[in-house]
Student: 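Once you've had a glance at the structure underneath, I'll fire off some questions.
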Amino acid sequence: GTFPAGTVGRAYTRTATASGGTGSGYAFNVSAGSLPPGLTLSGAGSLTGTPTTAGTYDFTVRAVDGGGNQGLLPVTLTVNAAVGVTSPVGLNRTVGQSYEGGITASGGTAPLVYSLSAGTLPGGAVVNPGTGLFSGTASGAGTGSFTVTVTDANGSNGAVVVNWEVSVAPGITLA
C-alpha cells in the first residue's frame, strides 16, 4: 500500500488495520525496511511521530494474530521537504510600471496555496493564490511590505516578507 505523503517537521498519524485470522487482536511491527526517521509503529498499528528527513521509504508492516498467523503489507511512504519560500526580487517600481515575478515555494505536498497573510500589496498588484505570481501595474506612490504564506496539502506552511516601494517617475520639461 501507499500511505499519504508526510512533510518534514509536521506531525504524522496513520493506522494500519488487519482483519481475519484467529484469536483476538493483532500485534503490528515492521518486518523489513525502515520507517522514516522520526516515525514509530506501535504494536496496535499506529504509525505516528514527526518526520525529520525527506525521502521515499519502503518498509513492510506485519500483523500477527492471536494464533501466530501473520499478514504482510509492503508500504511506500514519501516524506516531502518542509515548505520553503523565497520572495521575488526587484519589486521597486515607478507609477505605471508593471509587476512581473513570483513568490517561489519549494518542498511540501502539492497542491500549494499562496495567501496574503499580513501587510498590504502595492496599489494595482495582486498575488495569484494558485501560482504565487505577483502581477499588476503600479498605481500609487508609497512604500510598504506584505507577507505571503504558502500552505501545502498537509497544512505545513512557510512565509516570506516582501518589501516594496513605488515612486513617481521624474518629470521632464523642455525650456
Side-chain angles (χ1 to χ4, degrees), residues 1-17 28-30 32-42 44-61 73-93 97-140 142-167:
T2 300
F3 283 15
T7 304
V8 170
R10 179 92 176 154
Y12 188 89
T13 301
R14 293 293 179 263
T15 301
T17 60
F28 292 85
N29 60 41
V30 175
S34 59
L35 296 172
L39 296 184
T40 59
L41 179 67
S42 75
S46 293
L47 179 63
T48 60
T50 302
T52 60
T53 308
T56 300
Y57 300 87
D58 295 311
F59 54 93
T60 301
V61 174
L73 176 65
V75 174
T76 298
L77 175 58
T78 300
V79 175
N80 294 314
V83 177
V85 187
T86 57
S87 79
V89 292
L91 283 185
N92 295 339
R93 295 285 185 265
Q97 274 189 309
S98 64
Y99 294 103
E100 64 280 332
I103 308 298
T104 305
S106 60
T109 302
L112 300 177
V113 176
Y114 300 75
S115 61
L116 181 65
S117 55
T120 357
L121 295 170
V126 295
V127 175
N128 182 308
T131 64
L133 290 177
F134 186 82
S135 62
T137 301
S139 63
T143 60
S145 65
F146 59 91
T147 302
V148 173
T149 299
V150 181
T151 306
D152 77 354
N154 293 329
S156 178
N157 59 51
V160 64
V161 174
V162 179
N163 296 307
W164 57 268
E165 179 179 355
V166 176
S167 59

Student: Nearest heavy-atom pair of Val150 and Ala105: which atoms, and what distance?
Tutor: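 The pair with the smallest heavy-atom distance is CG1-CB, 3.8 Å.
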
Student: Work out which heavy atom in Ala81 is nearest to a heavy atom in Val8; give both atom names and the distance.
Tutor: CA-CG2, 4.2 Å

Student: Looking at every heavy atom in both Ala159 and Thr147, which two are closest together, and how far apart are they?
Tutor: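 Taking every non-hydrogen atom into account, CB-CG2, 4.0 Å.
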
Student: When you look at Asn154 and Tyr12, which way does the side chain to side chain contact (heavy atoms under 4.5 Å, CB included) test go after all the steps?
Tutor: CA-CA 9 Å; Asn154 293 329; Tyr12 188 89; over 6 Å; no

Student: Once you round to the nearest 0.5 Å, how far does OG1 of Thr15 lie from CG of Leu47?
Tutor: 8.5 Å

Student: Ignoring hydrogens, what is the shortest heavy-atom contact between Leu77 and Gly6? Give both atom names and the distance.
Tutor: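 Scanning both residues completely, I find the closest heavy atoms to be CD1-N, 4.4 Å.
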
Student: Can you name the one residue among Ile103, Leu116, Leu121 that meets side-chain contact (heavy atoms from CB on, under 4.5 Å) with Val162?
Tutor: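 Between Val162 and the candidates, side-chain contact (heavy atoms from CB on, under 4.5 Å) is satisfied uniquely by Ile103.
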
Student: Closest heavy-atom contact between Val127 and Phe146?
Tutor: CG2-CE1, 4.3 Å

Student: Specify the closest pair of heavy atoms between Ala138 and Val166, including all atoms of both residues, with the distance to one decimal.
Tutor: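 That closest heavy-atom pairing would be CB-CG1, 3.8 Å.
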
Student: Taking the side chain as every heavy atom from C-beta outward, state whether Val160 and Thr86 have any pair of such atoms under 4.5 Å apart.
Tutor: no

Student: Please report, to 0.1 Å, the donor-acceptor pairs under 3.5 Å made by any side chain of residues 49-61, with sequence neighbours excluded.
Tutor:
| residue | atom | partner | partner atom | Å |
| --- | --- | --- | --- | --- |
| Thr52 | OG1 | Pro37 | O | 3.4 |
| Tyr57 | OH | Thr53 | O | 3.0 |
| Asp58 | OD1 | Thr76 | OG1 | 2.7 |

Student: Going through the distances and angles, do Thr7 and Asp152 end up as a side chain to side chain contact (heavy atoms under 4.5 Å, CB included)?
Tutor: CA-CA 9 Å; Thr7 304; Asp152 77 354; 3.2 Å; yes

Student: About how many Å separate CH2 of Trp164 and CG of Asn92, when rounded to the nearest 0.5 Å?
Tutor: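 So the gap between those two atoms works out to 10.0 Å.
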
Student: Are the side chain of Thr131 and the backbone of Leu133 linked by a donor-acceptor contact shorter than 3.5 Å?
Tutor: yes

Student: Between CG of Leu35 and CG of Leu41, what distance do you get to the nearest 0.5 Å?
Tutor: 6.0 Å

Student: Using the side chain to side chain contact (heavy atoms under 4.5 Å, CB included) rule, take Val85 and Val148 through it: C-alpha gap first, then chi angles, then the decisive distance, then the call.
Tutor: CA-CA 9 Å; Val85 187; Val148 173; 5.6 Å; no

Student: Measuring from atom CG of Leu112 to atom OG of Ser156, what distance do you get when rounded to the nearest 0.5 angstrom?
Tutor: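 Going from the CG atom of Leu112 to the OG atom of Ser156 covers 9.5 Å.
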
Student: When you look at Val126 and Asn128, which way does the side chain to side chain contact (heavy atoms under 4.5 Å, CB included) test go after all the steps?
Tutor: CA-CA 6 Å; Val126 295; Asn128 182 308; over 6 Å; no

Student: Rounded to the nearest 0.5 Å, what separates atom CG in Leu73 from atom CZ in Phe28?
Tutor: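 With rounding to 0.5 Å, CG (Leu73) is 9.5 Å from CZ (Phe28).
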
Student: Do any N or O atoms from the side chain of Ser42 and from the backbone of Ala44 form a donor-acceptor pair under 3.5 angstrom?
Tutor: yes

Student: To the nearest 0.5 Å, what is the distance between OG on Ser167 and CZ on Arg93?
Tutor: 10.5 Å

Student: Thr149 and Asn157: side-chain donor and acceptor closer than 3.5 Å?
Tutor: no

